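Note that this is a predicted model, so its numbers are computed, not measured.
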Amino acid sequence: MPVVREEEFSRQKKPVRYPYCVVWTPIPVLTWIFPLIGHTGIATSEGKIRDFAGSYYVAEDDMAFGEPTKIWKLKLDRVQGGTRGWDYAVTESSLDYGGRIHNLLMDNCHSHVAKALNLMEYDGRKNWNMFKIALYTFTSSHYVDKRSWIKTWGPFWILAMITLCAVLFSNIFV
């Protein structure tokens, strides 16, 4: 068994915590073309991120497409049952989705988050769905830092400029 020296151990990256948050990260290629589409997860009261990462698999602190770039901070006073209600809902949703087949269009990471919000009756509602999660994640979240904004929008703008140049260039020779 290899021995890890103390200085190497201290340099290992510790996970960043986002308690009471819905988190979002871009999906390579898909988000480059459609920047509003990405991967979501929901954090426990301790900030451990759970995300429905694939069929029969809910990850903890290991998001399928990398660290969160956006967070939507939710308000604990809008949760039925407070911290216990929050953690119960995140756990139950994760247990349920750990037994499901992932479907990009119908039963996905957004649905996993929606189920948790429905279970905790966030904001007094039980009608959360994947479309509302996508909308609120886009309108109510904020970027973790400037690099996160670039990671999300940079590839889109590069592709848009390449496409624009290709269209303009092709029109010159027609």
A.B. asks: Do the non-hydrogen side-chain atoms of Tyr20 and Val79 ever get within less than 4.5 Å of each other?
C.D. replies: no

A.B. asks: Out of curiosity, Arg78 CZ to Glu121 CD, how far, rounded to the nearest 0.5 Å?
C.D. replies: 15.0 Å

A.B. asks: Ile37, Phe65: one ILVMFWY side-chain cluster at the under-4.5 Å cut-off?
C.D. replies: yes

A.B. asks: Measure the CG-CG distance between Leu30 and Leu36 for me, rounded to the nearest 0.5 Å.
C.D. replies: 10.5 Å

A.B. asks: To the nearest 0.5 Å, what is the distance between CG (Leu119) and CD (Glu92)?
C.D. replies: 7.0 Å

A.B. asks: Counting C-beta onward and ignoring hydrogens, is there a side-chain heavy-atom pair between Pro35 and Trp153 closer than 4.5 Å?
C.D. replies: yes

A.B. asks: Find out if a path of hydrophobic residues (ILVMFWY) with successive side-chain heavy-atom gaps under 4.5 Å connects Val29 to Phe156.
C.D. replies: no

A.B. asks: Examine Met63 and Ile71 and state if one hydrophobic cluster contains both, with Ile, Leu, Val, Met, Phe, Trp and Tyr joined whenever side-chain heavy atoms are less than 4.5 Å apart.
C.D. replies: yes

A.B. asks: Distance from Leu164 atom CG to Phe169 atom CZ, nearest 0.5 Å?
C.D. replies: 13.5 Å

A.B. asks: Counting heavy atoms not belonging to Arg147, are there more than 12 under 6.0 Å from its CZ?
C.D. replies: no

A.B. asks: About how many Å separate CG of Asn129 and CG of Leu135, when rounded to the nearest 0.5 Å?
C.D. replies: 10.0 Å

A.B. asks: What is the minimum heavy-atom distance between Cys109 and Gly38, and which atoms define it?
C.D. replies: SG-O, 4.3 Å

A.B. asks: Go through the side-chain N and O atoms of Asp96 and Ser93 and say whether any donor and acceptor fall under 3.5 Å apart.
C.D. replies: no

A.B. asks: Are side-chain heavy atoms of Thr31 and Pro155 found at a separation under 4.5 Å?
C.D. replies: no

A.B. asks: Report yes or no: do Ile162 and Trp32 belong to one cluster of Ile/Leu/Val/Met/Phe/Trp/Tyr joined by side chain heavy-atom distances under 4.5 Å?
C.D. replies: no

A.B. asks: Using a 4.5 Å cut-off on heavy atoms from C-beta on, say whether the side chain of Pro68 contacts that of Trp24.
C.D. replies: no

A.B. asks: If the threshold is 4.0 Å, N to carboxylate O, is there a salt bridge linking Asp123 and Lys75?
C.D. replies: no

A.B. asks: Linking I/L/V/M/F/W/Y whenever their side-chain heavy atoms sit closer than 4.5 Å, directly or via other members, would Tyr122 and Ile133 fall into one cluster?
C.D. replies: yes

A.B. asks: Any donor-acceptor pair under 3.5 Å linking the side chain of Asn118 with the backbone of Trp128?
C.D. replies: yes

A.B. asks: Please confirm whether the backbone N or O of Val90 pairs with a side-chain atom of Lys115, one donor and one acceptor, at under 3.5 Å?
C.D. replies: no

A.B. asks: So among Arg50, Lys48, Arg17, which one has a salt bridge (Lys or Arg N to Asp or Glu O under 4.0 Å) with Asp61?
C.D. replies: Arg17

A.B. asks: How about CH2 on Trp157, more than 12 heavy atoms from neighbouring residues, nucleotides or ligands closer than 6.0 Å, or not?
C.D. replies: no

A.B. asks: Could you tell me whether a side-chain N or O of Asp51 sits under 3.5 Å from a main-chain N or O of Ala64, the two making a donor and an acceptor?
C.D. replies: yes

A.B. asks: Given side-chain contact (heavy atoms from CB on, under 4.5 Å), test Ile158 with Met161 step by step and report yes or no.
C.D. replies: CA-CA 5 Å; Ile158 290 169; Met161 296 311 252; 6.0 Å; no

A.B. asks: Under the 3.5 angstrom rule, does the side chain of Trp86 hit a backbone N or O of Ala43 as a donor-acceptor pair?
C.D. replies: yes

A.B. asks: When the ring planes of His102 and Phe52 are compared, do they come out parallel, tilted or perpendicular, using 30° and 60° as the limits?
C.D. replies: tilted

A.B. asks: If I take atom CD1 from residue Ile101 and atom CG from residue Asn108, how far apart are they, to the nearest 0.5 angstrom?
C.D. replies: 14.0 Å

A.B. asks: Check whether any side-chain N or O of Thr40 sits under 3.5 Å from a backbone N or O of Val23 as a donor-acceptor pair, and report yes or no.
C.D. replies: no

A.B. asks: When you look at Val16 and Val144, which way does the side-chain contact (heavy atoms from CB on, under 4.5 Å) test go after all the steps?
C.D. replies: CA-CA 11 Å; Val16 178; Val144 173; over 6 Å; no

A.B. asks: With a 4.5 Å heavy-atom cut-off, do Lys70 and Phe138 have their side chains touching?
C.D. replies: yes

A.B. asks: Parallel, tilted or perpendicular for Tyr97 and His112, by the 30°/60° rule?
C.D. replies: perpendicular

A.B. asks: State, with a plain yes or no, whether a side-chain heavy atom of Thr25 is found less than 4.5 Å away from one of Lys151.
C.D. replies: yes

A.B. asks: Are any of the side-chain heavy atoms of Ile42 and Met120 separated by less than 4.5 Å?
C.D. replies: yes

A.B. asks: Taking the side chain from Lys132 and the backbone from Ala114, do they hold a donor-acceptor pair closer than 3.5 Å?
C.D. replies: no

A.B. asks: Around atom OH of Tyr143, are there more than 12 heavy atoms of other residues, nucleotides or ligands at under 6.0 Å?
C.D. replies: yes

A.B. asks: Any non-hydrogen side-chain atom of Val113 less than 4.5 Å from a side-chain atom of Thr137?
C.D. replies: no

A.B. asks: Evaluate whether atom NZ of Lys73 has more than 12 neighbouring non-hydrogen atoms of other residues, nucleotides or ligands under 6.0 angstrom away.
C.D. replies: yes

